[in-house]
Amino acid sequence: QVQLVESGGGLVQPGGSLRLSCAASRSIDSFYNLGWYRQGPGKQRELVAGLTSAGNINYADSVKGRFTISRDNAENTLYLQMNTLKPEDTGVYYCNAKYGIMSFWGQGTQVTVSS
């Protein structure tokens, strides 16, 4: 069993920034895929940013150029730097790690972008 714990969410004004962290109980270098997902009000969960073990990165079109996914293997932590935040970025953000058919999720952290 792998534990994922997110932190860094909160309330921020449009144009502001937040950095989300996801601390894993095991080495994140052993996973095939790592990613951040979000679920806005009345919407389905979507992939925001994904990172493969080979270093390939992809972003949702809505966040491209504003969000950056990264990892620190030494600290077993996945990050999501979010800049120039918009109200439509509001939602619960989840950390995810996959290894084969196994998929692990964090508890989620709320991000609210509002004036």
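Bear in mind that the values here come from a model prediction, so they are computed numbers and not experimental data.
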Could you list the donor-acceptor pairs under 3.5 angstrom formed between side-chain atoms of residues 11-20 and any protein atom two or more places apart in sequence or on another chain?
| residue | atom | partner | partner atom | Å |
| --- | --- | --- | --- | --- |
| Ser17 | OG | Asn83 | OD1 | 2.9 |

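Checked against the 6.0 Å centroid criterion, the rings of Tyr32 and Tyr99 qualify as a close aromatic pair. For Trp36 and Phe67, the ring centers are positioned 6.0 Å apart or more.
Nearest heavy atom pair, residue Thr77 against residue Tyr79, reads CG2-CZ, 3.5 Å. Between Asn76 and Arg26, the closest heavy-atom pair is CG-O, 3.7 Å. The two residues Leu47 and Ala60 come nearest to each other via the heavy atoms O-CB, 3.5 Å. Shortest non-hydrogen contact noted between Leu85 and Met82 is CD2-CB, 3.8 Å. Of all non-hydrogen atoms in Ile69 and Leu34, the two that sit nearest each other are CD1-O, 4.3 Å.
Criterion: ILVMFWY side-chain heavy atoms under 4.5 Å apart, direct or through other members. Under it, Trp105 and Val111 are not part of a common hydrophobic cluster. Cluster annotation: Phe104 is not connected to Tyr37 through the hydrophobic network of ILVMFWY side chains, with a link wherever side-chain heavy atoms come within less than 4.5 Å. Under the 4.5 Å side-chain heavy-atom criterion for grouping Ile, Leu, Val, Met, Phe, Trp and Tyr, Val5 is not connected to Val48 through any hydrophobic cluster. Each of Tyr94 and Leu4 belongs to its own hydrophobic cluster when Ile, Leu, Val, Met, Phe, Trp and Tyr are linked at side-chain heavy-atom distances under 4.5 angstrom.
Remark: side-chain polar atoms of Thr84 are not paired, donor with acceptor, to backbone N or O of Arg66 under 3.5 angstrom. Side chain of Glu6 to main chain of Ser21: no donor-acceptor pair is present (N/O by atom type, distance under 3.5 Å, no hydrogens or angles). Formation of a donor-acceptor pair under 3.5 Å by the Ser25 side chain with backbone atoms of Gln3 is found in this model. A distance-only check finds no donor-acceptor pair linking the side chain of Thr90 to the backbone of Glu88 [under 3.5 Å]. Of the possible donor and acceptor atoms, none in the side chain of Arg38 sits under 3.5 Å from a partner among the backbone N and O of Val92.
Residue pairs meeting the disulfide (SG to SG under 2.5 Å) criterion with at least one member in residues 19-115, sequence neighbours excluded, are Cys22-Cys95.
Classification of Asp61 and Lys64 as a salt-bridged pair holds, one side-chain N sitting under 4.0 Å from a carboxylate O.
Side-chain contact of Ser103 with Asn96: a donor-acceptor pair under 3.5 Å is present, judged by distance alone.
To the nearest 0.5 Å, atom CZ of residue Phe31 and atom CG of residue Leu51 are 12.5 Å apart. Put simply, CG on Asp89 and OG1 on Thr112 are 11.0 Å apart, with the number rounded to the nearest 0.5 Å.
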